[in-house]
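Residues: numbered from 1 along the sequence shown. Here the structure is a predicted model, which means the values were calculated and not measured.
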Amino acid sequence: MSRTVVLAYSGGLDTSVCVRWLADRGYRVIAFMANVGQGEPSAIAVKRAKAAGASRVIVRDLRREFVADFVWPALKANAVYEGKYLLATALSRPLIAKHLVAVAHEMKAHAVAHGCTGKGNDQVRFEVTARILDPRLAIIAPVREWQFRSRDEEIEYALRHRIPIDVSKRSPYSIDQNLWGTSIEAGALEDPWVEPLADTYRSIRSAERAASRPGYVTIGFSRGVPTALNGTRCEAVTLVERLNALGALHGVGRSDMIESRVVGIKSREVYEAPAATILFEAHQELERLILDRELLRFKQGIAAKYAELVYSGLWFTPLKAVLDACVEETQRRVSGTVRLKLFKGSCRVVGRASPHSLYRERLATYSAKDQFDQRAAEGFIKLFGLPYEGRGARGEGRGE
Ligand code: ARG
């Protein structure tokens, strides 16, 4: 009996060629397609996998699980990698790997495979996750092994093996897409000095072509999770889809960055993440209203660590579980409403309200309603500055 491998299949050129390559090596290939909101896996992609030599194609809709179990925890943590990347691709990988392993178990496969290159982060995320979940499964990464030196050679191989690929539709970029965002790299973007061309961005309008009037949106949060749009409860996947459409219309959510990959190189990536951008702004602002100063500061440290773990593929690890438990505790009162204004690429919070707000108008006001005891400030400042007074007395006050 031939050995079985389950391949994470996207429907693109690389993974289609992977199917054939594995089949040529005597494997029974099962193509696994995860729908994480990149667009419904099409009948064409399923046919393509079969034509390439897959004995079965298994499609799973993972959108709800993606948002509930991967995106919302990252949002609650305010996880942003190197201050810019909202982690769309990185968050989807442990989920896809989890199901890849589950399908391998169901199919009694001895191996899993993916179509990642040997230079990227995704190979790390897939493989670390698969090894955590089942170290007995073998892992095959055809793209790291095969002999093709260019895309043209790959295309030639595909055509020779009658794999129905659509060469005309090929984009000059490498694109990864899901509900939480789109990652675009390679092609003209490889020169970090070159501004992304008009054909780079997939969905978000440029600021110049964005809607000419501002748009407003109100988001309701319950324990750190967005649950309502404009006053109406909204299911998670739909909520993200609606904010993606709204942000795209107003030019919100584009970014262009150099990032530090796990494998040690710097790379240039362009991202589109309208819903993620809007929700991060809103969530962070709600926390500023509700969490006390010490907790806010401490949580910033957690956010940075959380993002690093997600980026490096360490989702299913003990430290990540500890951070989740900690973040969860911080979100107990993060319920309320945030109002944002979107206009020509900008996304600004213009209003916030919560039953757990720490903002007390009678203390903050400069009007006659003021109840702040200003005399108490005098003693407070004396003691607050006391540790530094000795140096002042010795004439070292300016810090020399
Ligand atoms: N740099 C991003 C990450 O490591 C995206 C990787 C995939 N990008 C792509 N354009 N195919 O998460």
Side-chain angles (χ1 to χ4, degrees), residues 36 62 65-98 120-129 131-133 176 178-181 183 219 221-226 236 240 253 255 257-264 267 269 271 273 275-335 338:
V36 283
L62 306 182
E65 185 179 357
F66 180 48
V67 178
D69 295 351
F70 293 80
V71 167
W72 286 169
L75 177 66
K76 290 191 247 185
N78 297 326
V80 189
Y81 185 66
E82 294 187 336
K84 257 179 142 173
Y85 173 33
L86 293 169
L87 296 162
T89 298
L91 285 165
S92 72
R93 294 324 190 210
L95 169 67
I96 296 170
K98 173 185 158 189
N121 299 316
D122 288 331
Q123 54 171 350
V124 180
R125 298 167 184 150
F126 277 129
E127 295 185 32
V128 168
T129 305
R131 297 193 73 83
I132 290 171
L133 299 179
D176 179 69
N178 65 48
L179 260 181
W180 201 230
S183 310
I219 301 167
F221 285 84
S222 169
R223 292 178 162 244
V225 171
V240 174
S255 66
M257 76 182 282
I258 298 291
E259 70 191 42
S260 314
R261 282 197 193 164
V262 185
V263 294
S267 67
E269 193 101 34
Y271 294 107
T277 302
I278 297 168
L279 289 171
F280 265 82
E281 283 296 324
H283 179 260
Q284 278 183 297
E285 186 63 17
L286 195 59
E287 285 191 334
R288 289 188 191 103
L289 183 69
I290 293 165
L291 303 186
D292 67 81
R293 178 172 66 194
E294 285 301 321
L295 186 50
L296 266 180
R297 304 273 188 283
F298 186 74
K299 203 165 171 287
Q300 284 169 1
I302 293 186
K305 190 70 211 170
Y306 199 101
E308 280 169 35
L309 294 179
V310 174
Y311 189 84
S312 336
L314 301 176
W315 183 268
F316 290 107
T317 58
L319 178 54
K320 156 69 176 40
V322 167
L323 297 189
D324 270 327
C326 179
V327 168
E328 199 53 45
E329 173 66 25
T330 67
Q331 300 299 291
R332 283 172 47 184
R333 289 185 178 73
V334 183
S335 303
V338 180

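At distances below 3.5 Å, at least one donor-acceptor pair connects side-chain atoms of Asn178 with backbone N or O atoms of Ala88. Not one N or O on the side chain of Glu65 forms a donor-acceptor pair closer than 3.5 Å with the backbone of Leu62. In this structure, Glu82 contributes its side chain and Ser260 its backbone to a donor-acceptor pair below 3.5 Å.
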Do Glu285 and Leu289 pass the side chain to side chain contact (heavy atoms under 4.5 Å, CB included) test, and can you show the C-alpha distance, the side-chain angles, and the key distance before you say yes or no? CA-CA 7 Å; Glu285 186 63 17; Leu289 183 69; over 6 Å; no
Run the numbers on Glu259 and Tyr311 for side chain to side chain donor-acceptor pair (under 3.5 Å), then give the verdict. CA-CA 11 Å; Glu259 70 191 42; Tyr311 189 84; 2.7 Å; yes
With side chain to side chain contact (heavy atoms under 4.5 Å, CB included) as the test, would you mind laying out the steps for Leu87 and Val80 before giving the verdict? CA-CA 7 Å; Leu87 296 162; Val80 189; over 6 Å; no
Any chance you could lay out the side chain to side chain contact (heavy atoms under 4.5 Å, CB included) test for Phe221 and Ser335, step after step, and finish with the verdict? CA-CA 5 Å; Phe221 285 84; Ser335 303; 5.7 Å; no
Before giving the answer on side chain to side chain contact (heavy atoms under 4.5 Å, CB included), spell out for Leu314 and Leu319 the whole-Å C-alpha distance, their side-chain angles and the decisive distance to 0.1 Å. CA-CA 9 Å; Leu314 301 176; Leu319 178 54; over 6 Å; no
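When all heavy atoms of Gly120 and Arg261 are compared, the pair lying nearest together is CA-NH1, 3.9 Å. Taking all atoms of both residues into account, the shortest heavy-atom contact from Pro73 to Asp324 is CB-OD1, 3.9 Å. Contact detail for Leu179 and Val240: the closest heavy-atom pair is O-CG1, 3.5 Å. The minimum heavy-atom distance between Val67 and Ala236, with the atom names listed, is CG1-CB, 3.7 Å. Between Ala273 and Leu86, the shortest heavy-atom contact is CB-CD1, 4.3 Å.
With values rounded to the nearest 0.5 angstrom, Arg125 atom CZ is found 11.0 Å from Ile96 atom CD1. Here Gln284 contributes atom CD and Leu291 contributes atom CG; the two are 11.0 Å apart, rounded to the nearest 0.5 Å. Taken from CZ in Arg333 to CD in Glu287, the straight-line distance is 13.5 Å, to the nearest 0.5 Å. Between atom CG of residue Asp122 and atom OG of residue Ser183 there is a gap of 8.0 Å, rounded to the nearest 0.5 Å. Rounded to the nearest 0.5 Å, atoms CG (Asn78) and CD (Glu281) are 10.0 Å apart. Separation of atoms CD1 (Ile258) and NZ (Lys84) is listed at 8.5 Å; rounding is to 0.5 Å.
The side chain to side chain contact (heavy atoms under 4.5 Å, CB included) test with Leu279 is passed by exactly one of Ile219, Val71, Val225, Val338: Ile219. Screening Lys76, Arg288, Gln331 against His283 for a side-chain hydrogen bond (donor to acceptor under 3.5 Å, both in side chains) leaves a single residue, Gln331.
No more than 12 heavy atoms of other residues, nucleotides or ligands shown are found within 6.0 angstrom of CZ on Arg131. For Lys320, the NZ atom is densely surrounded, since the number of other residues' heavy atoms within 6.0 Å is greater than 12.
Residues Arg93 and Asp176 are paired through a salt bridge, judged by an N-O separation under 4.0 Å between the basic side chain and the carboxylate. A salt bridge does not link Arg297 with Glu294: every distance from a Lys NZ or Arg NE/NH1/NH2 to an Asp or Glu carboxylate oxygen is 4.0 Å or more.
Ring-centre distance between Phe66 and Trp180: not below the 6.0 Å cut-off.
Using a 4.5 Å heavy-atom cutoff, the side chains of Thr330 and Leu295 are in contact. Residues Trp315 and Lys98 have side chains not in contact (no heavy-atom distance under 4.5 Å, counting atoms from C-beta outward). At least one side-chain heavy atom of Leu75 sits less than 4.5 Å from a side-chain heavy atom of Pro226.
Pairs engaging residues 285-305 under the ring-ring contact (aromatic ring centres under 6.0 Å, His included) rule: none recorded [sequence neighbours left out].
For Tyr306, there are no ring-ring contact (aromatic ring centres under 6.0 Å, His included) partners two or more places apart in sequence or in a different chain.
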